[in-house]
There are 2 protein chains.
Amino acid sequence: MSLADRPSPVATRRAARREEILTAAERLLDEDGIEGLTMRRLATEVGMQAPSLYKHLRDKQELLGALQQRALQSMGDALADAGPTLAELAAGYRTWALANPALYRVATAVPLERERIDPEIEERAAAPVVAAVDGDEHRSRALWAAAHGMVDLELRHRFPDGADLDAAWAALVAAFEA
Amino acid sequence: MSLADRPSPVATRRAARREEILTAAERLLDEDGIEGLTMRRLATEVGMQAPSLYKHLRDKQELLGALQQRALQSMGDALADAGPTLAELAAGYRTWALANPALYRVATAVPLERERIDPEIEERAAAPVVAAVDGDEHRSRALWAAAHGMVDLELRHRFPDGADLDAAWAALVAAFEA
DNA sequence: ACCTGAACACCGTTCAAGT
DNA sequence: ACCTGAACACCGTTCAAGT
């Protein structure tokens, strides 16, 4: 990076403010779920009026996109650390999702704008899944969808109350191991 | 049914009005998606002011619950007609969902209140799935989740643009056939 | 450059009042 | 019995104005 390209102090301050906003947004998400994240609440959380947010973010869509990117990053980390077997990968996926339910929603529900998102992030999160089915892309999509479905239904409390979800996950893993 | 239990004309009229409201809600859902269904729009759709809706429905939650019940019913019909093989069942599920995307969202996203919903409806929709895996409840939950995940990700455009989803479905079916 | 106040077009819902 | 008008507490967002 040449001297001329060094980010100016004001640019750095702007970026820091943006980080501060995103972090506050994650905190809101964590505390009050996805419907707790409103532009107005977020503004008071960082100590400004709602309209001021629009100096840092184009709109709520962009906010959600940025959070989605962070979520995929964090999930990618978790999957990379999970271990190579299908069972370990599945457990890692479920564990991350249950630990970050609102962030999982954002990662998963927001229609990701493929133009703007860093494609590396998505690929990195997907890589262990592809590896677990020996590179078969169709099987990897089915596996990814299956894991997503399990988590989605669990988070929405759509399984019967006493349902043995460990056993359901085991059945899922078994199906894809064969 | 005894004479005394015969529904009074006014009860019948009330029920008919309620049906009219639910049908209008489905129409809104169909035309403008899930975010197009607001109490205010629904009211004008049936020719009244928004507050009047609350004489027919306790709140929006109850509206969504009623729509969910209808959706599960309709989906149950589709699955019962789909044919007994796993591949046919999967195709029937996907076809119904893609034909009724907003209703699928409602059927699937609304936290169903198990006390109030008719349990027969849920069981009936699930029956063919259970049968397809020879009655193994854990496998049937995994299969259901997998199909739901495929549909959910497809509806949210989360698969890469040119992705061969027929092949992904085939991989899913193959996994559960083994 | 950054922030605010007022405003606009929406929400779901309540409640007193009309017929 | 059924419906309305006015109101309340919220949304996301824009825009002129202040420092």
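To find a chain, count down the sequence lines: A is the first, B the second, and so on, and within it residues start at 1. For clarity, every value in this text was computed on a predicted model and none was experimentally measured.
Rounded to whole Å, the distance from CG on A:Leu53 to P on D:dC15 is 17 Å. To the nearest angstrom, P of C:dC2 lies 7 Å from NE2 of A:His56. Taking atom CD of B:Gln49 as the reference point, atom C1' of D:dA7 lies 14 Å away to the nearest angstrom. Between the CG atom of A:Leu57 and the C1' atom of C:dC2 there is a distance of 14 Å, rounded to whole Å. Spacing between atom CD of B:Glu20 and atom C1' of D:dC2 amounts to 14 Å, rounded to whole angstrom units. In this structure, the CG atom of B:Asp32 is 13 Å from the P atom of C:dC10, given to the nearest Å. The distance between atom CD of B:Glu35 and atom C1' of C:dC11, rounded to the nearest whole Å, is 13 Å. As rounded to whole Å, 13 Å separates atom C1' of D:dT14 from atom CG of A:Asp59.
Side-chain atoms of A:Thr38 lie closest to D:dG12 of the nucleotides D:dG12, D:dC2, C:dG12. Out of C:dG12, C:dC3, D:dC3, the shortest distance to the side chain of A:Met48 is found at C:dC3. When distances run from any side-chain atom of A:Tyr54 to the nucleotides D:dG12, C:dC2, C:dT13, the shortest one goes to D:dG12. With C:dG12, C:dC15, D:dT14 as the candidates, the nucleotide lying closest to the side chain of B:Pro51 is C:dC15. The B:Met39 side chain lies nearest to C:dT13 when the options are D:dT13, D:dC2, C:dT13. Of the candidate nucleotides D:dT13, D:dC2, C:dT13, D:dT13 has the atom nearest to the side chain of A:Ala50.
If you check D:dC11 for Watson-Crick or wobble pairing at under 3.5 angstrom, you find it has no partner at all. Pairing of C:dA1, defined by two Watson-Crick or G-U wobble distances under 3.5 Å, is identified with D:dT19.
Within the 4.0 angstrom heavy-atom criterion, only backbone atoms of the sugar-phosphate kind lie near B:Arg41; the bases stay farther away. The residue B:Lys55 sits close to a base: some heavy atom pair falls under 4.0 Å.
Using a 4.0 Å cut-off between charged side-chain N and carboxylate O, A:Glu19 and A:Arg70 make a salt bridge.
Taken from CG in B:Leu53 to CZ in B:Arg18, the straight-line distance is 11.5 Å, to the nearest 0.5 Å. Taking CD1 of A:Ile34 as the start and CG of A:Asp32 as the end, the distance is 12.5 Å to the nearest 0.5 Å.
Using modelled atom types and a 3.5 Å distance limit, the side chains of A:Ser52 and A:Gln49 yield no donor-acceptor pair.
Distances shown here put every side-chain N or O of A:Arg18 at or beyond 4.0 Å from the OP1 or OP2 atom of C:dC2.
Remark on DNA chain C: of its neighbouring residues A:Ser52 and A:Arg40, the 5'-side contact belongs to A:Ser52, judged by nearest-heavy-atom nucleotide.
The aromatic rings of B:Tyr93 and B:Trp169 lie tilted to each other, with the angle between the two planes from 30° to 60°.
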